[in-house]
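Scope of the values below: all heavy atoms of this structure, side chains included, with no hydrogens, waters or symmetry mates. Within every chain, numbering begins at 1; the chains are lettered A, B, ... in the order of the sequence lines, protein sequences first and strands thereafter.
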There are 2 protein chains.
Amino acid sequence: MTEQPKFAQIKQHIIEQIRAGVWLEHQRVPSENELSDQFKVSRMTARRALSELTEVGILTRSQGLGTFVASFKSQSSLLEIRNIADEVTQRGGDYTCMVLSLESIFAIAPIAIALGVEIDSQVYRSVIVHHENDEPLQVEERFVNPALASKYLQQDFTALTPHEYLTQVAPLTEARHTVEAVMPNEEVCQWLNMFNEEPCLQVIRRTWSSQGIVSFARLISPGSKYRLGGHLTFKK
Amino acid sequence: MTEQPKFAQIKQHIIEQIRAGVWLEHQRVPSENELSDQFKVSRMTARRALSELTEVGILTRSQGLGTFVASFKSQSSLLEIRNIADEVTQRGGDYTCMVLSLESIFAIAPIAIALGVEIDSQVYRSVIVHHENDEPLQVEERFVNPALASKYLQQDFTALTPHEYLTQVAPLTEARHTVEAVMPNEEVCQWLNMFNEEPCLQVIRRTWSSQGIVSFARLISPGSKYRLGGHLTFKK
DNA sequence: CAAGAATACTTGTATATACAAGATGACTAT
DNA sequence: ATAGTCATCTTGTATATACAAGTATTCTTG
């Protein structure tokens, strides 16, 4: 093998198809036999490509059925900022949300840069407060690149969270986030219904699709009500 | 195969040896041929066990040399609270630390429970402030189970961080942490040399070895100086 | 003694083959 | 028409074999 090994070439080909949006979430990918025909390799080699991509969570397989593109959700593993609606209902809470703002604005410099668009161009902005048992739990301020989600302003986010909607219209390929402790400003205090000042956990998250930066979100929660958890272990 | 497949049995055997502390960090594990002799399987089957454990970060392999138990560090992947000394030096900063306290105390209830020992029994406690360029960056208050690290009080933590020392004397098998935003109390303000109040990022971490809970640590950093980052992507 | 070659180990890649087992649709007998 | 069977697809497990390539030791040769 002068260059890359065959199984790696096949892996790369599969990833490219997914990144380019040719094969979408939950869609079937070629079977071991199809791949081995197509790439002129043995079934075991094609199998290796599929298996390794499965192990890192890009594909899922099921005996008798086939191999499928995994949902981006499952990618996330540890530092996933889980869908807050799921998180609340999962622990038996009552989840509601309020859309405080849903508009088109002119991007000031820091937002334009974070979204990779021109300064003063139009971008979409939403402000949503997530509640657990009617108490505000998290405020989500999100800026969206209109080129990649043109119908963002027409959505009903009490039914489908922005993150869920965006993963549908612009399949995610990458996400970065930072976690920090901040003091809420007045606006945030109002949104979260906080009377006395309290430190907040702020997650900043930017998401990419194959066409570019999709959105930039600030998720702010009161330190007393929200924490992130992580868990590492040896057992497989 | 009536029960578990052979490669899974071998994987389990390897994990057990590591959990039990029989095979330590960076130590060699049996080669593919040795395993295939021992378990009466083909080399490919033994290889599969080793490869899969490598892919999840439990082992590392190197052509011509052999297969080794990975360092627990590399386990961590995303939410790893990286060794702060490494983190600072890696970004070109000057790392120093001060040991403010290193003592044996009687465990009050919450600490005893977190460590899984009797209330009022003796536990070790250390308070260390980590500095970057002579500015305090993080305070680490740690409680240690003396049964699993009896010589903890004799260590020089300016040379080897507590986490590094503990992984040596009690190989880690599991870690849990939570991240939250808190307001520092007076003590912490003093430790971190903070004059005006500022929200802090607090990481609580408990670590396990095969013999039980090793330690319980609170890592507190000023929100303005420290953040956690995460990164998810499709490319392998 | 020192430099290089031979060797014996290791992991890495690739193939061909066999059978097991889950899923599905078509076909058949009741 | 419905229930069961069968054929055929899929992935899953397991083996035997071959050669490539990296590492370390030993042996040979100058």
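- Proximity of a side-chain donor or acceptor of A:Thr45 to a complementary backbone N or O of A:Val41 within less than 3.5 Å is not detected.
- Atom CZ in B:Arg28 sits about 14 Å away from atom P in D:dT23, given to the nearest Å.
- Looking at heavy-atom distances under 4.0 Å, A:Arg43 makes contact with a base.
- Between B:Lys40 atom NZ and D:dT15 atom C1' the separation is 16 Å, expressed in whole Å.
- Atom CD of B:Glu34 and atom P of C:dT11 are 8 Å apart (whole Å).
- Rounded to a whole Å, the CG atom of A:Asn33 is 8 Å from the C1' atom of D:dT10.
- The side chain of A:Thr45 places no N or O atom within less than 4.0 Å of a non-bridging phosphate oxygen (OP1 or OP2) of C:dT13.
- Across all strands, A:Arg48 comes closer than 4.0 Å only to sugar-phosphate atoms, never to a base (heavy-atom distances).
- Annotation: cation-pi geometry not satisfied between B:Arg206 and B:Phe216 (NZ/CZ under 6.0 angstrom from ring centroid, within 45° of ring axis).
- Distance, B:Arg47 CZ to D:dA14 C1': 15 Å, rounded to whole Å.
- For the residue pair B:Arg142 / B:Ser126, no side-chain donor-acceptor distance below 3.5 Å is found, with atom types taken as modelled.
- Computed from coordinates, the B:Leu65 CG to C:dT10 P distance equals 11 Å when rounded to whole Å.
- Nearest nucleotide to the A:Thr67 side chain, out of D:dT11, C:dT11, C:dT15: D:dT11.
- For B:Ser31 and C:dT10, the shortest distance from a side-chain N or O to OP1 or OP2 is below 4.0 Å.
- For the pair B:Met44 CE and D:dT17 P, the interatomic distance rounds to 13 Å; values are reported in whole Å.
- In this structure, the CD atom of B:Glu32 is 17 Å from the P atom of D:dA18, given to the nearest Å.
- Checked by atom type, the side-chain pair B:His130/B:Tyr95 shows a donor-acceptor distance below 3.5 Å.
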